[in-house]
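Beneath this line is the structure, given in structure tokens, with notes to follow.
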Amino acid sequence: QVQLVESGGGLVQAGGSLRLSCAASGRTFSPFAMGWFRQVPGKERAFAAAISWSGGITYYADSVKTRFTISRDNAKDTVYLQMNSLKPEDTAVYYCAADRHAKGIIAGTTDYWGQGTQVTVSS
């Protein structure tokens, strides 16, 4: 129904920056919130950030709130995650998510997920 495609992942040195993008296509629902999760092998997928439909409200996990910024461009059906001051512990597969409500993304109950993009932070 809704396809989410992440891009922008890669290898970066600690302290560096990276910007992830997630483009939505297909039969999208509107308005909708979007967000990001990340997962390390062997661990549960963890919430990172979310943004409301209007972009006026954002949510962050404590581990990223001072370093990451989520934003969106509704004209492009795209959400971004600007990651600064990256740390090796930020290494993970980052997944994009979409839901009618941001609380659904935060709770991890959304049915719409991207395929993920790998972010590797070297020390």
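Since the structure is predicted, the reported quantities are computational estimates derived from the model, not experimental observations.
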What donor-acceptor contacts under 3.5 angstrom involve side-chain atoms of residues 79-89, with partners at least two apart or in another chain?
residue	atom	partner	partner atom	Å
Q82	NE2	N84	OD1	3.0
N84	OD1	S17	OG	2.8

Does Q115, at its CD atom, have more than 12 non-hydrogen atoms belonging to other residues, nucleotides or ligands within less than 6.0 Å?
no

Find the distance between CE (M34) and OG (S52) and round it off to the nearest 0.5 Å.
12.5 Å

Heavy-atom closest pair, residues I105 and A97:
CD1-O, 3.9 Å

Could you tell me whether the side chain of D77 reaches within less than 4.5 Å of the side chain of R72, counting heavy atoms only?
no

Result of checking V40, L11, T120 against T91 for side-chain contact (heavy atoms from CB on, under 4.5 Å)
T120

Just so I know, are the side chains of Q1 and Y112 near enough to count as touching, which here means a heavy-atom distance under 4.5 Å?
yes

Taking all non-hydrogen atoms of both residues into account, name the closest pair between Y60 and A49 and its distance.
CD2-CB, 3.7 Å

Listed by chain and number, what are the salt bridge (charged side-chain N to carboxylate O under 4.0 Å, His left out) partners of K65, not counting sequence neighbours?
D62

Joint cluster assignment, I57 & I106, ILVMFWY side-chain distance < 4.5 Å:
yes

Which heavy atom in A24 sits nearest to a heavy atom in L4, and how many Å separate them?
CB-CD2, 3.6 Å

Could you tell me whether W36 and F68 have their ring centroids closer than 6.0 angstrom?
no

With a 6.0 Å cut-off on ring centres, are F47 and F37 close enough?
yes

The ring-ring contact (aromatic ring centres under 6.0 Å, His included) partners of Y94 (sequence neighbours excluded) come to none

Using the rule that Ile, Leu, Val, Met, Phe, Trp and Tyr join whenever any side-chain heavy atoms are under 4.5 Å apart, tell me whether F32 and I70 fall into a single cluster.
yes

Can you find a pair of side-chain heavy atoms, one from L20 and one from V119, that are under 4.5 Å apart?
yes

Which atoms form the tightest heavy-atom contact between V64 and A48, and what is the distance?
CG2-O, 3.3 Å

Minimum heavy-atom distance G114-Y95, with the two atoms named
O-CD2, 3.5 Å

So does D90 pair up with R38, basic N to acidic O under 4.0 Å?
yes

Within 45 degrees of the axis of the six-membered ring of W53 and under 6.0 Å from its centre: does R100 put its NZ or CZ there?
no

Testing the basics here: between G116 and E6, what is the closest heavy-atom pair and its distance to 0.1 Å?
N-OE1, 2.9 Å

Exam field: side chain T109 to backbone A107, donor-acceptor pair closer than 3.5 Å:
no

